[in-house]
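Inspection log for the structure reproduced underneath, given as structure tokens.
Counting from 1, the numbers follow the sequence of the chain as shown.
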Amino acid sequence: MHEEVDEVQDDCGSREEWTLLFWTSLAVVVPVIITLWCSAQRSKRKTHMKDFFRKSKHGWHYTDLFNKPTYCCVCSQHILQGAFCDCCGVCADEQCLRRADRSLPCKEIMAPGSADGATEHRWQDMFFTGLCLFVCPSLRCVWCQTTVHDDCMDSLADADQCDLGEFHSLIIPPHYLYRVNKLRRRHPDEYSKLASSFGNGWTPVLVLANTRSGNNMGEALLGEFRTLLNPVQVFDLSELTPSKALQLCTLLPPGSVQVLVCGGDGTVGWVLDAIDTMKLKGQDQFMPRVTILPLGTGNDLSNTLGWGAGYAGEIPVEQVLRNILDAEVVKMDRWKVQVASKGLYFRKPKVLSMNNYFSVGPDALMALNFHTHREKTPSFFSSRIINKAVYFLYGTKDCLVQECKDLDKRIELELDGERVALPSLEGIIVCNIGYWGGGCRLWEGMGDEPCPPTRLDDGLLEVVGVFGSFHCAQIQVKLANPVRLGQAHTVRLVLKSSKMPMQVDGEPWAQGPCTITITHKTQALMLYHSAEQTDDDDDESSASETESPTPHDSPRPPGPASARA
């Protein structure tokens with residue numbers, strides 16, 4: 001009897017275990033299947049959408065979730081999932097997408113304009129939630145961004161003529177390109193005549209964005225700039241090289257164009273090299289002035305020119321354009337770095353362009369290690385914080401290993417032809433600008449020792465030495481100063497033996513025995529923003545009020561060639 005009871009209990013227990021196992025497996029498998037099905041449908045839908053977007057005149061971007069209350073411009077219903085055009089601002093859900101593409105035209109980059117050549121309003125149907133919490137039908141001009149209710153359109157003054165809004169002096173009007181296309185004689189004088197109706201302050205801006213820089217904000221910025229400007233002015237450098245993008249400068253009045261580079265110091269150098277190519281082609285008069293929206297990791301050139309150490313969306317794009325309107329034009333020296341390897345007499349020297357600094361030693365080693373690992377796993381290095389953390393780890397490693405020790409025994413330094421006796425160093429840094437290493441003032445330092453200030457346009461390089469990675473870290477936090485080795489118009493370094501890490505503006509490589517010669521190359525026109533100051537600037541400005549020095553005593557003056565933009 002007891003055996004039968006035990007068997008029944010065992011059967012019940014095993015049945016309960018199987019039941020629990022079944023429902024547990026079902027609870028795990030079903031969500032996974034649903035997730036995979038949804039993912040497959042989403043991928044299939046996006047693939048289908050890409051084919052549709054490729055044929056559309058709108059700049060559609062599909063999104064699974066709008067981050068703010070959004071209404072379809074066709075049916076006026078609230079939408080969470082759909083697409084938006086980053087040129088004209090039209091939004092539509094999936095069901096209305098094809099209808100919106102047919103019935104709502106996008107921004108035209110080239111159009112004849114009105115009879116007198118002025119730009120006409122391009123009204124677009126929009127819907128928004130007002131203070132009354134009801135959906136209000138309205139119209140918005142895609143050029144001047146003016147928004148009015150449908151019922152208020154009759155009372156709007158100059159309902160036909162559009163003044164292009166706040167940033168009219170930065171926008172290339174569609175009728176200008178239309179008239180240029182109709183010109184029989186393509187000559188700079190003709191462009192100036194066409195632009196005379198816009199006034200003397202017309203300085204159109206071209207936006208060149210590197211979508212791979214820093215925090216990967218480039219793609220979002222492209223859309224915001226296309227909304228405010230003419231889409232023809234906005235370029236994605238992952239799809240078009242700077243040389244091709246800058247050809248638009250040759251269709252605009254000479255000396256009027258400004259270029260906003262959205263990226264890091266490497267992207268700025270890429271654009272400046274393309275501008276030098278324009279000079280070689282005899283297009284000197286069309287060379288633009290360059291300004292920076294810093295998206296990279298170091299951004300030392302941007303910091304030197306007053307545009308900040310990094311942009312993370314803390315100010316709206318509209319304020320970025322206002323800052324460009326208030327900027328000043330300055331000249332910046334550019335330098336030629338020739339690397340002639342020993343023993344390779346029949347090979348041409350390696351020639352590089354330098355805007356910021358050249359270095360050999362621990363900071364170049366950190367940049368080389370960082371660059372090597374980023375090439376292997378680029379997706380991991382998509383955040384400015386992660387990038388700086390990786391730099392810190394490599395610097396900590398070098399403090400223990402000291403791969404660059406005894407540099408003074410392996411290298412010779414000449415400044416303007418005179419040999420310089422080196423102390424026991426691990427690194428040498430040749431600077432053209434006031435900042436180094438992500439915001440550190442290397443030449444001026446923090447001590448009381450007087451030194452001539454750095455300038456962008458004086459044709460001089462500042463040369464300093466460091467004792468190692470730990471010394472670099474101390475300089476970063478202002479606990480130590482570098483070794484000042486002097487200023488010179490020409491710098492020559494001879495690496496006698498072994499292989500050393502080197503870098504030019506963050507582009508590193510490992511170099512064997514060679515001779516490095518740094519000479520002046522040319523000057524570039526940059527835009528300097530003097531409104532934003534760091535705490536150090538405030539301290540120095542207060543000290544300057546007490547001592548009343550000359551303008552040349554400023555640590556980062558815009559240069560004597562300053563002029564209003």
Side-chain angles (χ1 to χ4, degrees), residues 38 41-109 111 119-156 159-160 162 164-167 171 174 217 219-231 234 313 315-319 321:
C38 292
Q41 292 297 318
R42 181 173 178 266
S43 178
K44 182 179 178 180
R45 185 169 61 249
K46 282 199 168 185
T47 303
H48 176 71
M49 289 294 181
K50 283 182 180 179
D51 295 335
F52 168 69
F53 292 164
R54 196 177 296 114
K55 301 175 184 177
S56 174
K57 293 183 178 180
H58 283 274
W60 292 114
H61 289 267
Y62 187 83
T63 178
D64 289 321
L65 181 66
F66 283 93
N67 57 6
K68 59 183 179 181
T70 307
Y71 297 87
C72 178
C73 294
V74 176
C75 64
S76 73
Q77 297 298 314
H78 181 267
I79 56 175
L80 293 176
Q81 189 179 58
F84 64 94
C85 176
D86 64 358
C87 294
C88 63
V90 166
C91 299
D93 55 29
E94 288 190 35
Q95 290 74 20
C96 301
L97 192 55
R98 295 186 180 276
R99 183 179 170 189
D101 191 68
R102 291 193 304 266
S103 61
L104 300 176
C106 191
K107 248 184 186 178
E108 294 181 339
I109 62 175
T119 303
E120 297 180 346
H121 278 297
R122 247 300 269 112
W123 297 109
Q124 192 71 272
D125 291 330
M126 305 295 290
F127 297 89
F128 66 94
T129 303
L131 295 177
C132 56
L133 300 182
F134 292 106
V135 179
C136 305
S138 60
L139 296 171
R140 181 176 64 86
C141 177
V142 297
W143 290 108
C144 65
Q145 311 303 319
T146 299
T147 303
V148 294
H149 288 104
D150 288 351
D151 299 336
C152 302
M153 179 59 70
D154 295 336
S155 62
L156 181 67
D160 295 329
C162 177
L164 299 179
E166 179 183 1
F167 306 113
I171 297 175
M217 294 186 60
E219 188 171 350
L221 286 171
L222 285 171
E224 294 186 55
F225 281 117
R226 287 192 187 106
T227 301
L228 296 173
L229 306 173
N230 192 328
V234 185
I315 61 173
V317 169
E318 291 84 355
Q319 185 59 47
L321 296 177

Minimum heavy-atom separation for [X] and [Y], please, with both atom names.
| X | Y | answer |
| --- | --- | --- |
| Ala92 | Cys72 | CA-SG, 3.8 Å |
| Cys85 | Cys106 | SG-SG, 3.6 Å |
| Asp101 | Trp60 | OD1-NE1, 3.0 Å |
| Arg226 | Asp86 | NH1-OD2, 2.9 Å |
| Lys107 | Pro231 | CD-CD, 3.8 Å |

Inset, instruction - Give me the ring orientation class for His61 and Phe84: parallel if the planes are under 30° apart, tilted from 30 to 60°, perpendicular past 60°. - result: parallel
Legend entry - Spacing of Glu94 atom CD and Gln81 atom CD [to the nearest 0.5 Å]: 5.0 Å
Inset, instruction - Would you give the length of the straight line joining atom CD of Glu224 to atom CG of Leu229, rounded to the nearest 0.5 angstrom? - result: 11.5 Å
What I'd like to find out is whether the side chain of [X] reaches to under 4.5 Å of the side chain of [Y], using heavy atoms alone.
| X | Y | value |
| --- | --- | --- |
| Tyr62 | Leu97 | no |
| Val142 | Trp123 | no |
| Ile79 | Tyr71 | no |
| Thr70 | His78 | no |
| His58 | Cys87 | no |
| Leu104 | Cys73 | yes |

Inset, instruction - For Asp93, check salt bridge (Lys or Arg N to Asp or Glu O under 4.0 Å) against everything at least two apart and list the hits. - result: none
Inset, instruction - Just do the side chain to side chain contact (heavy atoms under 4.5 Å, CB included) check on Glu166 and Leu321 with the steps written out, would you? - result: CA-CA 10 Å; Glu166 179 183 1; Leu321 296 177; over 6 Å; no
